[in-house]
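Convention: sequence-line order gives letters A, B, ...; per-chain numbering from 1.
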Number of protein chains: 2
Amino acid sequence: MTEPTGADRDAATARDAEAVSKFVESFAAQLVEAGMQRMPARVFAALLSSDSGAMTSVELGEQLRISPAAVSGAVRYLAQQHMVSREREPGSRRERYRVHSNQWYEAITNREAVVKRWEYALREGVDSLGGDTPAGRRLAETLAFFEFIETEIARMMDRWRVHREQHFGKD
Amino acid sequence: MTEPTGADRDAATARDAEAVSKFVESFAAQLVEAGMQRMPARVFAALLSSDSGAMTSVELGEQLRISPAAVSGAVRYLAQQHMVSREREPGSRRERYRVHSNQWYEAITNREAVVKRWEYALREGVDSLGGDTPAGRRLAETLAFFEFIETEIARMMDRWRVHREQHFGKD
DNA sequence: CCTTAACTTCACAAATTTGTGAAAGAAGCG
DNA sequence: CGCTTCTTTCACAAATTTGTGAAGTTAAGG
């Protein structure tokens, strides 16, 4: 063997596999409880708790004890949600999956597409029930709430970026 | 029959059952897509688009064509999530389920319990991986993000209450 | 080009979730 | 108190979801 099996074995960054696994499973469990699918949740937690913030398909399969097919499905989902990005390490056919902290903060707050569809459905509702009926007014107010939320969240993320830079630097 | 079957049949507030149902199903579908269970989503949408903002178990069962058991399960879930409240109309064993707009705006943004558990898991992770490791630092920053979000959302809801009062009055 | 390593797709079995009918449990009203 | 009406609980069948092995596809490197 010319290279160590699995992840980085450098003494300075040696990982306590047990501790990592414990975190991965408990954080993933919380994500699942919040509605995320199991495999994406586990893969995401694994990436989040890796030192480099990136892992290959094989590494993920080994750590989580899941098949390549499961890894594939999970990362496809995560990539679609913009919570993870794929990288090709040059001169290899291995793919690397990376969690960019910034990126996933945006992804988790940016339910923009979801909210837009809610707003669309609500507008349809207001139209067809009539803005002058009690129900129509309730829907209209709900719509206003989401519109409000949408702009507020954008501003909140602006403030976060400032806050983050102050506390953690640009990185 | 001394009272009309189903909901209010007063001409002024006559509901186009078809239109209501269309909205209910399409809005519910969006909620489902966002991770909500089907029955709670449908029940919630039905309440939201009712003129009075409240319906009995029987009315819900009729409109949605579901069994009493399904209604029961759905409203239990919605009540737990504080998206709906139960009322007993005095002098009847009928229960009424009501959506208070205010209440459900809070419920939807107030993922407090969820976020708290995420934060707890992240703190555990930082502790066990060590705040001086790259992974530990990533988890710590993620934790900071959620703490930030938590206070910001509380303020956002304060602003919403003001905004709402200006645009829709106290009601 | 051919080989081979890596990822993806697909069909399917297992596990989980969902909604129902039936029975049991409350609570008003006589 | 017991009847009646409404709601909840429970066991189960149906439907859906999940993760796998195996076959298929892609692309690097000879």
Problem set entry | Ionic contact status for B:K22 with A:E124, cut-off 4.0 Å | no
Exercise. For B:R42 and C:dT20, what is the distance between atoms CZ and C1' respectively, to the nearest whole Å?
Worked result: 14 Å
Write down the protein N/O and nucleotide N/O pairs, taken from nucleotides 6-10 of chain D, whose separation is under 3.5 Å; answer none if there are no such pairs.
| residue | atom | partner | partner atom | Å |
| --- | --- | --- | --- | --- |
| D:dC6 | OP1 | B:R94 | NE | 3.4 |
| D:dC6 | OP1 | B:R94 | NH2 | 3.4 |
| D:dC6 | O3' | B:R93 | O | 3.3 |
| D:dT7 | OP1 | B:E95 | N | 2.9 |
| D:dT7 | OP2 | B:S57 | OG | 3.4 |
| D:dT8 | OP1 | B:R86 | NH2 | 2.3 |
| D:dT8 | OP2 | B:S72 | OG | 3.3 |

Problem set entry | Interatomic distance, A:Q37 CD vs C:dA15 C1' [rounded to whole Å] | 15 Å
Problem set entry | Side chains of A:R155 and A:R159 in contact at under 4.5 Å (non-hydrogen atoms) | yes
Exercise. A:M39 has an atom CE; how far is it from atom P of C:dT8, in whole Å?
Worked result: 16 Å
Exercise. Is any side-chain N or O of B:R38 closer than 4.0 Å to OP1 or OP2 of C:dT18?
Worked result: no
Exercise. Is it true that A:E89 and A:R94 make a salt bridge, defined as a side-chain N closer than 4.0 Å to a carboxylate O?
Worked result: no
Exercise. How close or far is atom P of C:dA6 from atom CD of A:E87, stated in whole angstroms?
Worked result: 17 Å
Exercise. Quick one: CG on B:L60 to CZ on B:R65, what's the gap to the nearest 0.5 Å?
Worked result: 14.0 Å
Problem set entry | Distance in angstrom units between A:R65 CZ and D:dT18 C1', rounded | 19 Å
Seminar exercise, completed: To the nearest angstrom, the CD-P distance between A:E89 and D:dA27 comes to 17 Å
Problem set entry | Contact check, side chains of A:M83 and A:M36, non-hydrogen atoms, under 4.5 Å | yes
Exercise. Should the pair B:F168 and B:W160 be assigned to parallel (<30°), tilted (30 to 60°) or perpendicular (>60°) ring geometry?
Worked result: tilted
Exercise. Whole Å only: how far is the CD1 atom of A:I66 from the C1' atom of C:dA14?
Worked result: 17 Å
